[in-house]
Amino acid sequence: MRFLPCGDRAVLVECDSQSAVLGLHGALAASRPPGIIELVPAARTVLVVVKPRVIALETTRTWIERAAQGGTPERRADAGSPVVVIDTVYDGDDLAPLADILGVSAREIVERHTAAEWDVAFSGFAPGFAYLVSADWPFDVPRLDSPRTRVPRGSVALAADFSGVYPRESPGGWQLIGRTDAELWNDTADPPALLVPGGRVRFREVAP
């Protein structure tokens, strides 16, 4: 873990792995002092945004170091958070070709995808898009050689060791394995994103 400069209102912490980011984010969220405005996890970093009049950057750094020492660096997302269940129809255009690439059956991909408990590692790409990781997921999935110019809203997809759901129609290069009617983003909800960092997710297979 190392600190990187990030202006006079934030501290950027770089971690050694995605699971270390999850652990640090969970430890910070559990011990958040006054003056911490936002915690933003990413693939290898956690951005901590502060209110300088309430908490100084040096004090923030000390808090982060203590939280990291007291937590479990490689732990998963908050085990106490509720599990969001995503009902999914597994009929994606890339499911069968991807099974050939991975050397397994399409049914095995579906069964492993639904059996895994997924953690929301971080958000990005589009409002409501959550990058999901799971210790139960064994595959490293290649992205498409040529990204699609249009991926339908609600597409359930895979790329590298991530799974995700497209919250709206957009371009994309992930492998599409299914679809869902779940609403990933709602401007009027609090929070507007269905899947937030630190949360847990399961996919449930349903009939078309």
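Sequential numbering from 1 along the given sequence is applied to the chain's residues.
Atoms CZ and CG, on R107 and L95 in that order, are 8.5 Å from each other to the nearest 0.5 Å. Put simply, CG on L158 and CZ on R143 are 11.0 Å apart, with the number rounded to the nearest 0.5 Å. Atom CZ of R168 and atom CG of L184 lie 11.5 Å apart (nearest 0.5 Å). Here the NE2-CG distance, from H25 to L47, works out to 10.5 Å after rounding to the nearest 0.5 Å. Interatomic distance, L176 CG to R148 CZ, rounded to the nearest 0.5 Å: 4.0 Å. Atom CZ in R32 sits 4.5 Å away from atom CG in L39 (nearest 0.5 Å).
Nearest heavy-atom pair across P142 and L98 is CD-CD1, 4.4 Å. Across R202 and A115, no two heavy atoms sit closer than the pair NH1-O, 2.9 Å. Residues G128 and A193 share a closest heavy-atom pair of CA-CB, 4.4 Å. Considering every non-hydrogen atom in both L24 and C15, the closest pair reads CD2-SG, 3.8 Å. Listed here is the closest heavy atom pair of Y166 and G172: OH-CA, 3.4 Å. When all heavy atoms of I55 and P33 are compared, the closest pair comes out as CD1-CG, 4.0 Å.
Side-chain contact between P127 and P167 is absent, with no heavy-atom pair separated by less than 4.5 Å. Between L132 and V120 the shortest side-chain heavy-atom distance falls below 4.5 Å. V89 places a side-chain heavy atom less than 4.5 Å from the side chain of V206. The closest side-chain heavy-atom distance from K51 to P34 is not below 4.5 Å. Within the 4.5 Å cutoff, no side-chain heavy atoms of N186 are placed close to those of P192. Under the 4.5 Å side-chain criterion, counting only non-hydrogen atoms from C-beta, V133 is in contact with L22. Counting heavy atoms from C-beta on, the side chains of Y131 and Q18 never come closer than 4.5 Å.
Between E14 and R2 there is a salt bridge, since a side-chain N of the basic residue sits under 4.0 Å from a carboxylate O of the acidic one.
L57 and V48 fall within a single hydrophobic cluster, where Ile, Leu, Val, Met, Phe, Trp and Tyr side chains are chained together by heavy-atom contacts under 4.5 Å. Under the 4.5 Å side-chain heavy-atom criterion for ILVMFWY residues, a single connected hydrophobic cluster contains both L28 and F3. Residue V84 is not grouped with residue V196 when hydrophobic side chains (ILVMFWY) are merged at heavy-atom distances under 4.5 angstrom, including chains of intermediate members. There is a path of hydrophobic side-chain contacts, each under 4.5 Å, that joins L12 to I37.
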request  = Please lay out, stage by stage, how D91 and R179 fare under the test side-chain contact (heavy atoms from CB on, under 4.5 Å).
outcome  = CA-CA 7 Å; D91 60 357; R179 55 189 164 89; 2.7 Å; yes
request  = Please lay out, stage by stage, how F139 and V104 fare under the test side-chain contact (heavy atoms from CB on, under 4.5 Å).
outcome  = CA-CA 10 Å; F139 301 119; V104 298; 4.2 Å; yes
key: Chi angles and distances behind the side-chain contact (heavy atoms from CB on, under 4.5 Å) call for V165, F203   = CA-CA 11 Å; V165 182; F203 292 89; 3.9 Å; yes
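Under the ring pair (Phe, Tyr, Trp, His ring centres under 6.0 Å) rule, F129 has a single partner from F162, F122, W174, which is W174. Residue R204 is tested with I86, T88, T114, V85 for a side-chain contact (heavy atoms from CB on, under 4.5 Å); the sole match is V85. For the side-chain contact (heavy atoms from CB on, under 4.5 Å) with D94, the lone residue among I177, L144, V141, I101 that qualifies is L144.
Panel note: side chain D119, backbone A121; no donor-acceptor pair is recorded below 3.5 Å. For the pair E117 (side chain) and D136 (backbone), a donor-acceptor distance under 3.5 Å is absent. T180 contributes no side-chain N or O that, together with a main-chain N or O of G154, makes up a donor-acceptor pair within less than 3.5 Å. Although no hydrogens or angles enter the test, the distance criterion places no donor-acceptor pair under 3.5 Å between the side chain of R61 and the main chain of A56.
More than 12 heavy-atom neighbours from other residues, nucleotides or ligands sit within 6.0 angstrom of CZ on R44. Surrounding CG of D181 are at most 12 heavy atoms belonging to other residues, nucleotides or ligands under 6.0 Å away.
Between H113 and W137, the two ring planes are perpendicular [angle over 60°; tilted spans 30° to 60°].
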